[in-house]
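I have placed the structure first, in the form of structure tokens, so that the comments after it can refer back to it.
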Amino acid sequence: PSNIAIVKYWGKRPIQLPQNPNISLTLDRAHTITKLSYQAKKDKNRRISLTFRLDGQAMDSFSERIIKYFEQLVPIFPFIDQLHFDIDSSNSFPHSSGIASSASAMSALALCLCTLEHRLFGSLGEEESFREKASFVARLGSGSAARSVYAGAAIWGKTIDVQGSTDEAALGIQQFLHPSFLTAKDRIMIISEQAKAVSSSVGHALMDQNPYAPTRYTLAKSRIYLLLNALRTGDWKQFGTICEQEALDLHALMMSSSPSYILMMPNTLKMIQRIRQFRQSTGLSIYFTLDAGPNVHVIYPTSEAEAIENFMDDHLVKLCERGQYIQDAVGAGPVQIK
């Protein structure tokens, strides 16, 4: 599955380590399905031998990224340079549009590799050690992918607020969630399905020179405790306040980078305004967040779903590209398809 960060990861240090702890909700219907096939490598002169297809089509740019990723992983999985891999992947949502497709794609691939290691060597029999290694391996491909290997919610980054948290891998925190968050809804409103103009990798790199970066990291760290408390107690108002502050901070950092860039679109802003007006007039727990793109995640409790979904159908769907949205929810994490 993909995931949606509530406290955002934006800014990193070598190698793929977060500048601040971050927390996400794991999604369900926004997911990647990946099949990893393997055989003995025929071309011994190539260290990494693989083919990659997205939705059945060869994708050279993605293949190059995965080859570089596999080169990093040879010390972790020595069998990689002995085999040829065929990788087939498909998404249930538009890739590169700001719905964390790299998170779902890289976590799916990491889970495949860990499953292969266990099949070959029987070395990852315990669920906890399997998930921890998969999260560590996924992180090397995409930082946010570290969180997608867990059900419900995950935290990535060391903090005194969660025992066992670390920068090297994410940690599942589903057990901390109030029942209302275990069943929370997330309707992903597709403002644009086009690939975003600036990649997340470039955006992270621009944080190194952003004058507001130190303040950003301090703020994010202070919000971790408040968000954890809201998730435990079912405090939707506190959750929603942090959710929206973090989303707007993320895009403010993009606009204050050098060079600056804007990923929100006019309908993104219109949707945010309509959500706020509806919440103010009804008192319902409807909140928004954004990833690094124009698309809006509308998060709300199941107990208030009927009124909120009627509002979205009547007033928000018309702002989406071709009326598209993904009706999603907090999910049960990745599964191996037998």
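The analysis underlying the following values was restricted to heavy atoms, covering all of them including side chains, and did not include hydrogens, waters or symmetry mates.
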Verify whether one side chain among [X] and [Y] offers a donor that lies under 3.5 Å from an acceptor in the other.
X    : Y    : value
S49  : K42  : no
T166 : E168 : yes
T159 : D161 : yes
N3   : S148 : yes

- State which residues pass salt bridge (charged side-chain N to carboxylate O under 4.0 Å, His left out) with K158; sequence neighbours excluded, sorted by chain then number. none
How far does [atom1] of [X] sit from [atom2] of [Y], to the nearest 0.5 angstrom?
X    : Y    : atom1 : atom2 : answer
T218 : N20  : OG1   : CG    : 9.5 Å
L316 : F311 : CG    : CZ    : 4.0 Å
F278 : I286 : CZ    : CD1   : 6.0 Å

Closer than 4.0 angstrom, basic N to acidic O: yes or no for [X] and [Y]?
X    : Y    : answer
K35  : D86  : no
K185 : E309 : no
R223 : E246 : yes
R279 : E244 : yes
D167 : R13  : yes
D313 : K318 : no

- Task: Verify whether the ring centers belonging to F181 and F239 lie closer than 6.0 Å.
- Result: yes
- Item | Residue that, paired with S142, satisfies side-chain hydrogen bond (donor to acceptor under 3.5 Å, both in side chains) out of S101, S102, S200 | S102
Treating [X] as the side-chain partner and [Y] as the backbone partner, does any N or O pair qualify as donor plus acceptor under 3.5 Å?
X    : Y    : value
D328 : D28  : yes
R131 : V149 : yes
E321 : E193 : yes
K41  : R47  : yes
K221 : R216 : no
H204 : S201 : no
Q16  : R139 : yes
N310 : E306 : yes
N210 : L253 : yes
S260 : S256 : no

Mark yes when over 12 heavy atoms from residues, nucleotides or ligands other than [X] sit less than 6.0 Å from its [atom1]; otherwise mark no.
X    : atom1 : result
L120 : CG    : yes
Q175 : CD    : yes
F79  : CZ    : yes
Q19  : CD    : yes
Q39  : CD    : yes
Y212 : OH    : no

- Task: Answer yes or no: is there a side-chain heavy-atom contact under 4.5 Å between L206 and P259?
- Result: yes
- Task: I would like to know whether I6 and C243 meet side chain to side chain contact (heavy atoms under 4.5 Å, CB included); could you show each step before the answer?
- Result: CA-CA 5 Å; I6 306 304; C243 196; 4.0 Å; yes
- Task: Write out all pairs satisfying side chain to side chain donor-acceptor pair (under 3.5 Å) with one or both partners inside residues 262-274, taking only residues at least two apart or from two chains.
- Result: none
- Message: Could you walk me through whether T32 and S104 satisfy the side-chain hydrogen bond (donor to acceptor under 3.5 Å, both in side chains) test, starting with their C-alpha distance in whole Å, then the side-chain angles of each, then the deciding distance to 0.1 Å, before giving a yes or no?
- Response: CA-CA 6 Å; T32 298; S104 57; 2.6 Å; yes
- Task: Fit a plane to each ring of Y38 and F85, take the angle between them on a 0 to 90° scale, and name the class: parallel (under 30°), tilted (30 to 60°) or perpendicular (over 60°).
- Result: tilted
